[in-house]
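Structure first, then comments.
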Amino acid sequence: MSDSCFFPSPVHCIYFHFVHTCFFFYFCLLRCVVLYQYLQADLHGKSSDTADKTSGENFDQSPLRRTFKSKVLAHYPQNIEWNPFDQDAVNMLCMPKGLSFRTQADNRDPQLHSFIITREDGSRTYGFVLTFYEEVTSKQICTAMQTLYQMHNAEQYSSVCASSSCSMDSLASSIDEGDATSLAKLQRYNSYDISRDTLYVSKCICLITPLPFMQACKKFLIQLYKAVTSQQPPPLPLESYIHNILYEVPLPPPGRSLKFYGVYEPIICQRPGPNELPLSDYPLREVFELLGLENLVQVFTCVLLEMQILLYSQDYQRLMTVAEGITTLLFPFQWQHVYVPILPASLLHFLDAPVPYLMGLQSKEGTDRSKLELPQEANLCFVDIDNHFIELPEEFPQFPNKLEFIQEISEVLLQFGIPPEGNLHCSDSATKLKNLVLSDLVNDKKNGNIPSNALNMYELLKGNETIARLQALAKRTGVTMEKMTISPPLTEEKDGKLSCEELELRDYKLNVQLREVFANRFTQLFADYEAFVIQAAPDMESWLTNREQMQNFDKASFLSDQPEPYLPFLSHFIETQMFATFIDNKIMSQWEEKDPFLRVFDSRIEKIRLYNVRAPALRTSNYQKCSTLKEAAQSIEQRLMKIDHTAIHPHLLDMKIGQGKYEQGFFPKLQSDVLATGPTNNNRWASRSASTQRRKDRLRQHSEHIALDNDMREKYMQEARSLGKNLRQPKLSDLSPAVIAQTNWKFVEGLLKECRMKTKRMLVEKMGHEAVELGHGEANITGLEENTLIASLCDLLERIWSHGLQVKQGKSALWSHLLQYQEREEKQEHSAESPVGGGTERRKSDTGITLPTLRVSLIQDMRHVQNMSEIKTDVGRARAWIRLSLEKKLLSQHLKQLLSNQALAKKLYKRYAFLRCEEEREQFLYHLLSLNAVDYFCFTSVFTTIMIPYRSVIIPIKKLSNAITTSNPWICVSGELGDSGVMQIPKNHLEMTFECQNLGKLTTVQIGHDNSGLLAKWLVDCVMVRNEITGHTYKFPCGRWLGKGVDDGSLERILIGELVSSTSDEELGKQCRTPPQQKSPTVTRRLSITSLTGRNTKPNAGQIQEGIGEAVNNIVKHFHKPEKERGSLTILLCGENGLVAALEQVFHHGFKSARIFHKNVFIWDFIEKAVAYFETSDQIGDNEEALLLQRSSCKTFCHYVNAINTAPRNIGKDGKFQILVCLGTRDHLLSQWIPLLAECPPITRMYEENALLRDRMTVNSLIRVLQTLQDFNIILEGSLIKGVDV
């Protein structure tokens, strides 16, 4: 197929490369070149580093178990201008472990595997490799091998003598394969005799193609290998078949099938149509058999969330099949990070990459998972393919509708006879079957579809009893039979051929149906994604230039439109690079040709809209099965059963006579001159090639005339995304120290840029209205999305701490660093204070009562986390410590302190590590410092069940009251997660500490006493409560008396809390102008209500009406936000600008006198007089319906007031009014009660004529405003209405 290449190996690379209409790029051949260098290193006693450079193995192994460096012997054509031959990458991936030797006693079955080369620009090239063993004819190499064995055995003998142990045990330890049990077997495996043994060396042939035509390439390579090993030479020289596939076999047009010819049999391949799923030739059947359905869906989810994925297997082809199978299922998204399905032994340092990756690592036989040391495991998904086992990261959201999704896939698998739980041993049998097929192809003596001579079965069957009886019968009847010749039945051969084709067809149909199920899920999940794409730029140039500063997707609105069960997954997924690239491609499609994946996906969404008339806003979590399975299977079946095109047959070439002579078992030296260039004569493909070339020329000219050339565009795209393409896919070649250093520097730059992007995003999303004013999009951030961003920051910090580790210790590199720092600091703790220690300074209030300053200590925060029994792993502890430090606004400070110990940093990290790059490290800490500008509750809101110590301080107003009361005071602290219960405050103490389960954000404090003793009256300024772990301090303003006969006679009060900011926080707040949290009622407001001071300015009628409107509007907006985004309703009801305060202003307006006969008069006095009137006016009857309704409202009002008055609580009159308003709001009764109060006779006695409650228009307006709250389900905090039974 003309865009391919071929190569045999040590590496024999015939580089089949498509000339865009052709099937292959290159054909290659590979083989060993360094045995002498290896022997020389051994003779001179060089270090194991030398061995590693040549083979990746050490000298402890027996020579036949070592691997050697391979080399590309040849590749055809020599080069292709637009796709250069990458010799280093091909060499490493054809023989990832290097070249190996075998003897006649070893297994030498040929092995097939494939690989992929991902270039820096994201383009991919596929390679398909057949590795086999060829007899070594060089006496020098055989002699060198025997010398190596002699040296190896001498070393083993000397070491055995030194340790006085059994020599056979020592020999057994050097054997790679642990199944040798007998002495003879050990001797055979650990010796090589040039006179007795035949030496074989591995060699491989490889096809390199632009598209993954795996089945076609596999068949071609098998036929080519068969031609080399067959007793009879092939019908044509091998050059004819290789030339044909390189230059004369075209790519099938989209939606068509093509037949071309191998050495013995025709080969069929096909390509999907323009509106079908992209080409994928790797059998998903094997992926599901190897992993099992449940495991595959979990790994698939990890890939979607761009975690680090490491595949682990002894078989290279399994690694490639699983990697390609999973990435194929991502449609319409594409993996954007490091992608190396087969990681060569010389490139293990790639696992140190602090970026998301999908890599495959070959396991050694007998190697246990626990012995595999990986640089970072905090966010790693480890997939042990051979053992049907996966390890998942700790924080892991499930795929939406996972159970229904698995059920649908199970139905498809069962239709094809595949168990959903997978088959642990399927790969072993598949490997044996593959080897048997190859063996049959070698030994069937039929040469494929070439007519064969009659098979002599007489010798085979002469021992058969039936044949013996037939012979005896023939003799008796006089029939002579010298030889019995049996030809194979044609029908049997035909049936066998059909069954093979049917199996292949079943795999194709299964592939497309499984992919349709996965694609349908994304079509359903993102059916309305276009509505949320932000296309703000007028042209491509301005969009690319400002890409980093622009939002291209309305994430908050998209999430608010999704069903609740989908949010944990979707909130993570829309933060990934693959989703960002998908949206970028959507925006770019308005200026250039649509990305093929995007085009197919958009057409499917359009089809859904045509068939399902569904309002885009109606999003449900109902599962919708795929309805196109049958149609997709029929399309591929039609293409394979009806061939659309047939390529030119292989033919004789103009070759030199005598070269490339056939010798069974040896791949011949090919004539490079006939394979270097394609045919010059006209044929039916020449015009197509010419038209393709003209089309390429036109595209090139077009690209030269567009406003941005490709280089500029690529530059902007790299800058726009969080990680540049060079970082995402490091080169597999040129592993010089300079190149490795440059790669690590790119990692450092990428990590710093990612840190800057993440911290900026977190600030922009958290800074509320200020961010909107600056043009950064939506004001609010949901709790779910905030948690996603913080989890992403935790992952970034783990990757930074994993970069450049000297020795890995534990699964969390950050926590390991912290533990070692803690150990050093605790040794010095007895002699010196912590460098950031706090001393005995106390936080002072206005009245002089002090609150001890919380000590700031990295070690102390670690101890808090270590005391949390709920967390069992190092990764979990590291994340908890990050969340705690972020909530305390100490993350940057703590990390700076951690890194200040340079001796420890040098011990733990290599020189190129991110943490040892001083300038980048300082910038990194500065970016983290910027997060102190906003408040996070990421620790408090996540660890809801832990026990937390709290400290409370009661601050009295000493000028007007006693500092200490003689009564028995008590306190109850409530938060969003619960309350502490009533706790007695020790007598003569204003401060107490208590421990209880996490209360969350604190909302209210109930404080009171029993009014006992001589000095019972107590004027409390405020109550301060602090979370001793997070350091959050809450102030609960009071400014009221507690005691009988003073103020409103209250013995207990409900106080509303506000978070107190430190001085540094307040300064930052002023700089960023972040809107402050709504405060609780201030002392000033309460004092004015109770008339303790008459110097306060009373608001006018307009201001009061405006306050009512604002208070109600805030409640309405509260309920229009997503549930996860809502704040505290208690503050909106009882806070400083809440509904209770606004209604108090209404009721106070026009109050005739605050004091009557030197006695305080309160709103509650008016309420009680109104109740007395309603209860005594029952005898006045009227049959009109309106009056019946009014009477019902009067009865309800009286019931509520009496329930509050009879409640077993010593609440004052203002406190009772607050409870009444809260209950009326909850039960939607305020709009009924206001007109009753406005019309009752007591109002004329207690209110001036110009009072708002006596103005009919104002009252009607107030009723309409309060009626807007009728639609909302208001749930009150228990502390507000405790003890009141209505």
Side-chain angles (χ1 to χ4, degrees), residues 118-124 299-309 323 326-340 350 353-359 376 379-381 393 397 522 525-526 529 532-534 543-544 547-553 555 558-559 569-588 595 597-598 601 713-730 746-747 749-762 765 785 788-789 791-800 803:
T118 306
R119 302 186 186 278
E120 294 180 2
D121 62 358
S123 63
R124 293 181 176 181
V299 175
F300 175 72
T301 307
C302 288
V303 174
L304 283 171
L305 300 178
E306 294 186 340
M307 298 176 178
Q308 292 178 324
I309 318 294
I326 290 177
T327 52
T328 293
L329 297 175
L330 294 176
F331 173 88
F333 307 101
Q334 300 174 69
W335 181 256
Q336 298 293 317
H337 298 278
V338 176
Y339 184 61
V340 188
F350 272 27
V355 294
Y357 60 68
L358 202 168
M359 298 196 213
Q376 46 194 339
N379 204 35
L380 178 73
C381 173
F522 288 121
L525 286 172
F526 296 97
Y529 84 97
F532 304 97
V533 176
I534 302 171
W543 182 79
L544 289 172
R547 169 68 185 85
E548 191 174 315
Q549 287 76 38
M550 298 174 67
Q551 276 196 337
N552 61 1
F553 192 74
K555 295 176 182 178
F558 174 77
L559 290 176
F569 171 81
L570 288 177
S571 62
H572 282 77
F573 179 67
I574 62 175
E575 297 293 334
T576 61
Q577 189 61 48
M578 71 174 72
F579 184 77
T581 303
F582 175 76
I583 299 300
D584 284 350
N585 290 337
K586 179 65 178 178
I587 295 174
M588 293 289 290
D595 175 76
F597 281 45
L598 182 64
F601 187 66
R713 176 180 181 272
E714 190 62 33
K715 176 186 173 185
Y716 281 126
M717 290 298 281
Q718 288 182 15
E719 289 296 321
R721 292 167 181 166
S722 61
L723 293 174
K725 289 184 181 292
N726 290 338
L727 176 57
R728 285 192 217 136
Q729 195 63 36
K746 287 178 180 176
F747 284 144
E749 289 182 324
L751 288 170
L752 181 61
K753 183 168 187 178
E754 189 177 355
C755 179
R756 178 168 59 85
M757 297 288 287
K758 285 189 186 299
T759 52
K760 178 181 177 181
R761 172 81 198 283
M762 291 172 71
E765 294 288 357
E785 189 174 2
T788 301
L789 292 175
S792 177
L793 177 67
C794 293
D795 170 47
L796 173 63
L797 293 180
E798 281 289 1
R799 285 190 280 119
I800 287 175
H803 183 240

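Considering only heavy atoms from C-beta on, Phe331 comes within 4.5 Å of Phe597 through its side chain. Inter-residue side-chain proximity for Thr581 and Gln334 is flagged as unmet; no heavy-atom pair is nearer than 4.5 Å. Between Phe747 and Ile800, every side-chain heavy-atom pair lies at or beyond the 4.5 Å cut-off. The side-chain heavy atoms of Pro397 and Leu305, taken from C-beta on, include a pair separated by under 4.5 Å.
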Take Glu575 and Leu789, measure what side chain to side chain contact (heavy atoms under 4.5 Å, CB included) needs, and give me the verdict at the end.
CA-CA 8 Å; Glu575 297 293 334; Leu789 292 175; 3.8 Å; yes
Evaluate side chain to side chain contact (heavy atoms under 4.5 Å, CB included) for Met588 paired with Leu544, printing each intermediate quantity in order.
CA-CA 9 Å; Met588 293 289 290; Leu544 289 172; 4.2 Å; yes
Derivation of the side chain to side chain contact (heavy atoms under 4.5 Å, CB included) call for Asn552 and Val533
CA-CA 6 Å; Asn552 61 1; Val533 176; 5.8 Å; no
Passes side chain to side chain contact (heavy atoms under 4.5 Å, CB included), Leu559 versus Ile574? Steps please.
CA-CA 9 Å; Leu559 290 176; Ile574 62 175; 3.9 Å; yes
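Distance check: Arg756 CZ to Leu751 CG gives 13.0 Å after rounding to the nearest 0.5 Å. We find the OG1-CG distance between Thr759 and Leu796 to be 9.0 Å, quoted to the nearest 0.5 Å. Rounded to the nearest 0.5 angstrom, Glu754 CD and Met757 CE are separated by 9.5 Å. A distance of 8.5 Å separates CG in Leu329 from CZ in Phe522, rounded to the nearest 0.5 Å.
In terms of heavy-atom proximity, Met307 sits nearest to Trp335 at O-CH2, 3.6 Å. Here the closest heavy-atom approach between residue Ile587 and residue Ile534 is recorded as CD1-O, 3.7 Å. Scanning all heavy atoms of the two residues, the minimum distance from Thr301 to Phe569 falls at CG2-CE1, 3.9 Å. Contact record, His572 with Ala791: NE2-CB, 4.3 Å, taken as the closest heavy-atom pair.
Using modelled atom types, no side-chain atom of Gln308 and backbone atom of Leu358 make a donor-acceptor pair closer than 3.5 Å.
Shown here are the salt bridge (Lys or Arg N to Asp or Glu O under 4.0 Å) partners of Lys586, two or more places apart in sequence or in another chain: Glu530, Asp602. Residues that satisfy the side chain to side chain contact (heavy atoms under 4.5 Å, CB included) test with Thr576, not counting sequence neighbours, are Glu306, Phe573, Met578, Phe579. Annotation: side-chain hydrogen bond (donor to acceptor under 3.5 Å, both in side chains) contacts of Asp795 (sequence neighbours excluded): Asn379, Arg799. Residues meeting the ring pair (Phe, Tyr, Trp, His ring centres under 6.0 Å) test with Phe582, sequence neighbours left out: Phe333, Tyr529, Phe601. Here Ser792 pairs with Lys758 under the side-chain hydrogen bond (donor to acceptor under 3.5 Å, both in side chains) rule; sequence neighbours left out. In this view, Phe558 and Phe526, Phe532, Phe553 satisfy the ring pair (Phe, Tyr, Trp, His ring centres under 6.0 Å) rule, not counting sequence neighbours.
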